Amino acid sequence: MRNKEVANKLYELASLAELAGENPFKINAYIEAARRIENLPIPIEELAKEGKLTEIKGVGSGIAKKIKQFLETGTIEKLEEFKKKVPPSLLELEKIPGIGPKAALSLYKHLGIKTVEELKEAAEKGKIRDLPGFGPKKEENILKALQGMKKKEEKRVSIGLALPLAEFIKDEIKKKAPVDKIEICGSIRRMKETIGDIDILVTSRESEKVMEVFSNLPVVKEVLVRGETKTSVITEEDIQVDVRVVEPEFFGAAIQYFTGSKQHNVKLRELAIKKGLKINEYGIFKGEKRMGGEKEEDVYSLLGLPWIPPEMREDRGEIEEAIRGELPKLIDYKDIKGDTHVHTEYSDGVDSIEKMAEEAIKMGYEYIVISDHAESLGVASGMSIKKFKKQKKEIDKLNEKFGDKFRIFFSVELNILSDGSVDFPEEELDIFDFCIAGIHSGFNQSMEKITNRIKRAMGIKKVKIIAHPTGRIIGERGEYKVDIEEIFKEAKNTGVFLEINATPSRLDLSDLNVMHAKSLYGLKFTIGTDAHAAVSLRDMRYGIGVARRGWLTKEDIINTLPLKKFEKIMKKS
DNA sequence: GCCGTTTTCGGCCCGACTGTTTTCAGTCG
Ligand SMILES: Nc1nc2c(ncn2[C@H]2C[C@H](O)[C@@H](COP(=O)(O)OP(=O)(O)OP(=O)(O)O)O2)c(=O)[nH]1
Ligand SMILES: [Mg+2]
Ligand SMILES: [Mg+2]
Ligand SMILES: [Zn+2]
């Protein structure tokens, strides 16, 4: 599947076109096409072969030709032309805050600056300030940025890091400033797996005081911009935080705006125009008249749409579905009845079985699946059958104690070994209620090998769940080479469930994975936290976020089932 | 460069902040 590759090429084309001063709408068309291709569930090569490229939204004859060119020759003529016109290294300059395509080009045209090093030298010599459109302030800002190595590099962080920090900052502001309402917005509210920055909306009649408090929070390392309604800072953790303050009556329109995504907002605003309306962060207007905007729902209802859940707001077709009145009823954060992937101190977890169970009960669960590592995973204190038997005794005892109020399922996280076998022979697996299997070694094998390993494991009777099917660790390593399409097919054939691993550094399967697996194969999934400590059971929300972003309903997730039904399905042979 | 269920041409979201400017362009959200 070369979709990502093609999309990146189009993004590159867009950046260079922008630098070269192309028509902004054309640039937007490149970006829009790239975005659509990224979201595509099927390989673009196949569409190209069948001459169906223009069936992709945002791809017309011009871009289709470029895609074909790229697939056949590895590059695009137009892109090479741009590269001759403007040095691609200028894109590096755009990573400095405050420098965009216009400034980068001007630096090149007037001073011949092509690289960050050359820029630094020129700034130090005071050459920048005399350029048209530049001045002493801009020169100083460039120098400051370069000295602090401050770059707007795509340094996205895991939502597992960003969400708790956002909650902390929100509480701090709430405690110290005259706040009416305060909400976390942006990609965090949409539960995206990685977060570019933290966005917080505040309603207050005293924006000056709110900004003063926010700018002076102890976590704030530096204030980037400070205005009456918008302030941006960098925290000690080097994460940007944007705070937007509006008066209380604008809350609805403002939270709609600040939640995004950008593409969703643009689509919505275009729809408004077609209906003779205008949307901004202050409301939805007909001429001068404000028709609504106190509540978020207003913005949608005045367009004749139902409220769209934030996790769906990615312009992946949700507005069209809303127009048709066919939005799915997403799984709710309260629908989960149990956690299907949990470790204890028996292997590499830190808490006891009982402690994990008690925490699960606190969360309102009816059951939990204990799935410690099997012996081949030495680094994670993988266990022998003998040790599992001992663990079973403890679980039996606890189950007796809990009675019918709560159930601990006895499972194991088997390792899918290099040849596709697992730690124990099949007959030994009968002690478990059911088994989970996952790849923890041999990541570098060929796609065919890895795919076959997983398929073989799926053929084992007791195996009911494949853990973290793609093996990616966000920000660390990509997916191992696996034909995920094949795995989806096999899951459909065998009835084995694929996991949404809710550990924030995994989130595997991903939102797009499950969206495609459901729409193409009708698959259902389990959500498991892979918790190694009681507190990590709370990671469930990230897994549910993935499911919601993948448009899944309660019925698509097995562990929304009450205990008896869950048991019946998982123990079915 | 793409799009259209009244358009195949004329639109393509809209506003805040900064630094430059003397009325606004560029950058960013
Ligand atoms: N209408 C409109 N809204 C925008 C635009 N850019 C950003 N927004 C809104 C929607 C975004 O979700 C919100 C916050 O902007 P961010 O740049 O922080 O983006 P977001 O949080 O979605 O993603 P991120 O993870 O931070 O990269 O502001 C824009 O160009 N037009
Ligand atoms: Mg953001
Ligand atoms: Mg932001
Ligand atoms: Zn695990």
Side-chain angles (χ1 to χ4, degrees), chain A residues 10 13-14 17-19 21-36 53-67 76 78 93-107 128-142 145 152 185-187 196-201 207 211 223-233 240-246 250 253-254 256-275 277-285 293 299 303 315 319-320 323-324:
Chain A
L10 287 173
L13 177 63
E18 191 181 29
L19 211 42
E22 265 281 14
N23 172 0
F25 299 112
K26 201 189 269 194
I27 293 156
N28 220 355
Y30 295 147
I31 293 173
E32 186 60 17
R35 219 177 49 78
R36 297 279 176 182
L53 284 175
T54 53
E55 285 179 18
I56 305 167
K57 275 217 187 90
V59 176
S61 57
I63 293 180
K65 224 169 107 191
K66 292 181 175 61
I67 294 171
I76 301 170
K78 189 89 175 244
L93 301 184
E94 288 185 36
K95 288 181 179 162
I96 295 157
I99 295 191
K102 295 283 184 280
L105 191 69
S106 171
L107 288 164
I128 307 285
R129 64 183 67 190
D130 299 326
L131 292 184
F134 289 75
K137 273 270 173 55
K138 279 217 170 125
E139 186 177 88
E140 198 189 316
N141 285 340
I142 288 169
K152 53 189 180 194
C185 298
S187 48
D197 69 359
I198 293 171
D199 303 290
I200 297 176
L201 172 69
S207 91
M211 293 312 189
V223 178
L224 296 176
V225 291
R226 171 147 173 200
E228 215 179 306
T229 81
K230 196 168 102 183
T231 291
S232 295
V233 307
Q240 180 169 332
V241 185
D242 297 341
V243 163
R244 194 75 205 256
V245 183
V246 298
F250 301 129
Q256 195 290 315
Y257 151 74
F258 214 24
T259 297
S261 65
K262 174 188 169 184
Q263 290 309 318
H264 175 89
N265 287 356
V266 169
K267 263 283 160 58
L268 216 58
R269 288 168 181 210
E270 283 172 350
L271 184 61
I273 292 171
K274 279 196 204 131
K275 293 185 181 261
L277 302 166
K278 183 184 80 166
I279 297 172
N280 59 26
E281 59 265 55
Y282 302 106
I284 175 160
F285 303 84
V299 181
L303 293 174
D315 190 28
I319 293 176
E320 291 82 349
I323 290 171
R324 283 197 289 273

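Because the structure is predicted, anything quoted here is derived from the model rather than measured. Lettering of chains follows the sequences in order, A, B, ..., and the numbering in each one begins at 1.
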**Asked** Distance between the C1' atoms of B:dT18 and B:dT23, in whole angstroms?
**Response** 15 Å

Under 3.5 Å between N/O atoms: give me all the protein pairs with nucleotides 19-23 of chain B, atom names plus distance.
unit_1 : atom_1 : unit_2 : atom_2 : d
B:dG19 : OP1    : A:N141 : ND2    : 3.3
B:dT20 : OP1    : A:G135 : N      : 2.7
B:dT20 : OP1    : A:G135 : O      : 3.2
B:dT20 : OP1    : A:K138 : N      : 3.3

Expected list for residues 258-269 of chain A: side-chain donor-acceptor pairs under 3.5 angstrom, two or more places apart:
unit_1 : atom_1 : unit_2 : atom_2 : d
A:T259 : OG1    : A:R189 : NH1    : 2.7
A:T259 : OG1    : A:I255 : O      : 2.6
A:S261 : OG     : A:H264 : N      : 3.3
A:S261 : OG     : A:R313 : O      : 3.0
A:H264 : ND1    : A:E318 : OE2    : 2.7
A:H264 : NE2    : A:Y300 : OH     : 2.8
A:N265 : OD1    : A:Q256 : NE2    : 3.3
A:N265 : ND2    : A:Y257 : O      : 2.8
A:K267 : NZ     : A:D315 : OD1    : 3.2
A:K267 : NZ     : A:D315 : OD2    : 3.3

**Prompt:** Reckon A:Y282 has a side-chain N or O less than 4.0 Å from the OP1 or OP2 of B:dC13?
**Reply:** no

**Request:** With DNA chain B as reference, determine whether A:G227 or A:V59 sits nearer its 5' end, using the nearest nucleotide of each.
**Result:** A:V59

**Complete:** From NZ of A:K262 across to P of B:dC28 the rounded distance in Å is 12 Å

**Asked** Mind checking the C1' distance from B:dC13 to B:dC28? Whole angstroms is fine.
**Response** 14 Å

**Asked** For B:dT6, is chi within 90° of 0 (syn) or not (anti)?
**Response** anti

**Fill in**
Comparing nearest nucleotides in DNA chain B, the 5'-proximal residue of the pair A:E281, A:A64 is A:A64

**Request:** Could you tell me whether A:A103 contacts a base, only the sugar-phosphate backbone, or nothing, with contacts defined as non-hydrogen atoms closer than 4.0 Å?
**Result:** sugar-phosphate

**Asked** Hey, is the side chain of A:K26 poking within less than 4.0 Å of OP1 or OP2 on B:dG1, counting only N and O atoms?
**Response** yes

**Message:** Between P on B:dC2 and OH on A:Y30, what's the gap in Å once rounded to a whole number?
**Reply:** 8 Å

**Request:** Answer yes or no: does a side-chain N or O of A:S232 lie under 4.0 Å from OP1 or OP2 of B:dC28?
**Result:** no

**Message:** Can you tell me which nucleotide in B:dC14, B:dG1, B:dG29 comes closest to the side chain of A:N280?
**Reply:** B:dC14

**Request:** To the nearest Å, give me how far apart NZ (A:K57) and C1' (B:dC2) are.
**Result:** 13 Å

Nucleotide N/O of nucleotides 6-12 of chain B paired with protein N/O under 3.5 Å:
unit_1 : atom_1 : unit_2 : atom_2 : d
B:dC12 : O3'    : A:E270 : OE2    : 3.0

**Prompt:** Looking only at atom P, what distance separates B:dG11 and B:dA16, rounded to whole Å?
**Reply:** 25 Å

**Item:** Short side-chain N/O contact to B:dC28 OP1/OP2 from A:Q240, under 4.0 Å
**Value:** no

**All salt bridge (charged side-chain N to carboxylate O under 4.0 Å, His left out) counterparts of A:K26, not counting sequence neighbours** = A:E22

**Prompt:** What residues, two or more places apart in sequence or in another chain, satisfy salt bridge (charged side-chain N to carboxylate O under 4.0 Å, His left out) together with A:R129?
**Reply:** A:E139

**Item:** side chain to side chain contact (heavy atoms under 4.5 Å, CB included) against A:I323, all qualifying residues, sequence neighbours excluded
**Value:** A:L271, A:L305, A:I319

**Message:** Taking ring-ring contact (aromatic ring centres under 6.0 Å, His included) as the definition, give me every residue that meets it alongside A:Y282, ordered by chain and number, with sequence neighbours left out.
**Reply:** A:F250

**Request:** Please list, chain by chain and in numerical order, all residues satisfying salt bridge (charged side-chain N to carboxylate O under 4.0 Å, His left out) with A:E32, sequence neighbours excluded.
**Result:** A:R35, A:R36

**Item:** ring-ring contact (aromatic ring centres under 6.0 Å, His included) partners of A:F285, counting only residues at least two apart
**Value:** none

**Base of B:dG15 paired with side chain of A:Y257 (donor-acceptor, under 3.5 Å)** = no

**Prompt:** When the P atoms of B:dC12 and B:dC17 are considered, how many whole Å apart are they?
**Reply:** 25 Å

**Asked** Run the side-chain contact (heavy atoms from CB on, under 4.5 Å) check on A:I128 and A:L107 step by step: do they pass?
**Response** CA-CA 8 Å; A:I128 307 285; A:L107 288 164; 3.6 Å; yes

**Item:** Check: A:E228 main-chain N/O paired with A:S207 side-chain donor or acceptor under 3.5 Å
**Value:** yes

**Prompt:** A:K230 has an atom NZ; how far is it from atom P of B:dT27, in whole Å?
**Reply:** 14 Å

**Request:** Apply side-chain contact (heavy atoms from CB on, under 4.5 Å) to the pair A:K275 and A:L303, showing each step before the final yes or no.
**Result:** CA-CA 8 Å; A:K275 293 185 181 261; A:L303 293 174; 4.2 Å; yes

**Prompt:** Hey, mind stepping through A:D242 and A:R244 against side-chain contact (heavy atoms from CB on, under 4.5 Å) and telling me if it holds?
**Reply:** CA-CA 7 Å; A:D242 297 341; A:R244 194 75 205 256; over 6 Å; no

**Item:** Atom P, compared across B:dC2 and B:dT6: separation rounded to whole Å
**Value:** 24 Å

**Prompt:** Considering only the P atoms, how many Å lie between B:dT21 and B:dT27, rounded to the nearest integer?
**Reply:** 15 Å

**Request:** Would you indicate which nucleotide in B:dG29, B:dT27, B:dG1 comes nearest to any side-chain atom of A:P101?
**Result:** B:dT27

**Closest nucleotide among B:dT27, B:dG15, B:dG1 to the A:K102 side chain** = B:dT27

**Item:** Integer angstrom distance from the P of B:dG26 to that of B:dT20
**Value:** 14 Å

**Prompt:** Looking only at atom P, what distance separates B:dG15 and B:dT5, rounded to whole Å?
**Reply:** 26 Å

